[in-house]
2 protein chains.
Amino acid sequence: MSEERARERGEQPSGRVDEARMAAWQVFLGAHAAIIARIERDLAAAGVIPLTWYDVLIELYEAPDRRLRLHELADAVVLSRSGLTRLVDRLAAAGLLRREPDPADRRGAFAVLTAEGVRALGRAWPVYSRGIDRYFARDLNDEEARAITAALGRVRDAAREP
Amino acid sequence: MSEERARERGEQPSGRVDEARMAAWQVFLGAHAAIIARIERDLAAAGVIPLTWYDVLIELYEAPDRRLRLHELADAVVLSRSGLTRLVDRLAAAGLLRREPDPADRRGAFAVLTAEGVRALGRAWPVYSRGIDRYFARDLNDEEARAITAALGRVRDAAREP
DNA sequence: CCACAACAGTTGCTATTACAACTACATGCA
DNA sequence: TGCATGTAGTTGTAATAGCAACTGTTGTGG
């Protein structure tokens, strides 16, 4: 893609970061830190599972048969392999999922959501969704929500390849 | 603020999170995780200071006299008090800042940026800014950058009060 | 002016995470 | 077939973060 064409479309010619985009970066970081801190506090105060657990369980919940291979899970939640191993240990110890060997590949295992895991999701969701609303969604107008989804979706997909 | 007035302005009537805003939330989380992971990797590969160190040092760099009280620093970088104490320990051990007692309040101390700290910032910045460009700024058009700054700035300020 | 609450920072402890090394299995290509 | 290379997951170790408890200092209402 040429720089002229990028400029025509209002994109940043690559190389340096202009002030407007730098400002966007700073509020992006600041907003993330502030919102996550608040939501985590609310979850802990309500005695439900923390955000990292929620992320893993919801990923399983949405997967076919409510199960995923561990490496798929690691990719989905942006966690190292070893980090995921231990997170799965804790979740299994809490009874929210179980490991199940993959008959088709004896190296690997599935993480499978349990009924208890579904219940934990159900208890956390009201608190979590209230947090998303209070600390994030409530302050966006429709156009901003659309712009964020489009822009950050593109950004995420581009940043996600390594 | 009444819900009707919120609706008129295209804001979300509070309570539940609609699908468009839920999508925005998900890409927001995903983009953050992916970008930060990439930038941290680049910084480590280049042998410069990590993002948390950068955050602290840049905050001092921009402060009057390049110094801040530790609690101001803790607020600025969204870190617990104990977390900051130890981060400052490490930065001081690396010679990038020093502690200095506050003559006006003997409970507290300043963190003061050193010349070595300024150099560390200077070495990290090219790597960091290239990351911001590559993984974030480059994919935003002007309108999106404006929308993100306005929207997330509001969100951050609202989420920041505890 | 003085007891008492609030604040600044540190420390002990624990939890979570990543990196690197390791085991076990799978796959490709010669 | 058989060995080399790659992949899946676990484990040892170390770094970083938070909470709660503690010390020392400030400031305030009675």
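- A salt bridge does not link A:Asp42 to A:Arg130: none of the charged side-chain nitrogens sits closer than 4.0 Å to a carboxylate oxygen.
- When each of C:dG9, D:dT26, C:dA26 is scored by its nearest atom to the side-chain atoms of B:Arg107, the top-ranked nucleotide is D:dT26.
- Here C:dA20 presents its C1' atom at 15 Å from CZ of B:Arg41, a figure rounded to the nearest Å.
- A salt bridge links B:Glu116 with B:Arg119: the closest approach of a Lys/Arg side-chain nitrogen to an acidic carboxylate oxygen falls below 4.0 angstrom.
- Whole-Å rounding puts the A:Arg69 CZ to C:dC25 C1' distance at 11 Å.
- Electrostatic pairing of A:Arg98 and A:Glu100 counts as a salt bridge here, judged by a charged N lying under 4.0 Å from a carboxylate O.
- Residue pairs meeting the ring-ring contact (aromatic ring centres under 6.0 Å, His included) criterion with at least one partner in residues 31-80 of chain B, sequence neighbours excluded, are A:Phe28-B:His32, A:His32-B:His32, B:Tyr54-B:Tyr128.
- Going from atom CD of A:Glu72 over to atom C1' of D:dA8 covers 12 Å, rounded to whole Å.
- A salt bridge does not link A:Asp89 to A:Arg86: none of the charged side-chain nitrogens sits closer than 4.0 Å to a carboxylate oxygen.
- Rounding to whole angstrom units, CG of residue B:Asp102 and P of C:dC7 are separated by 17 Å.
- Among the protein residues, A:Asp105 comes within range of the sugar-phosphate backbone only, with heavy atoms under 4.0 Å from sugar or phosphate atoms but none that close to a base.
- Between B:Arg154 and A:Asp139, no side-chain nitrogen of the basic residue sits less than 4.0 Å from a carboxylate oxygen of the acidic one, so the salt-bridge criterion is not met.
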In B/S/- notation, 5' to 3', how is nucleotides 10-18 of chain D contacted by protein heavy atoms closer than 4.0 Å?
BBBB--SSB

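- Between A:Arg106 and C:dA26, a side-chain N or O to OP1/OP2 separation shorter than 4.0 Å is present.
- Contact annotation: A:His71 side-chain N/O to D:dT7 OP1/OP2 distance is not under 4.0 Å.
- Atom CG of B:Leu51 is separated from atom C1' of C:dT17 by 16 Å (rounded to the nearest Å).
- Atom CG in A:Asp55 sits roughly 15 Å away from atom C1' in C:dT17 (whole-Å rounding).
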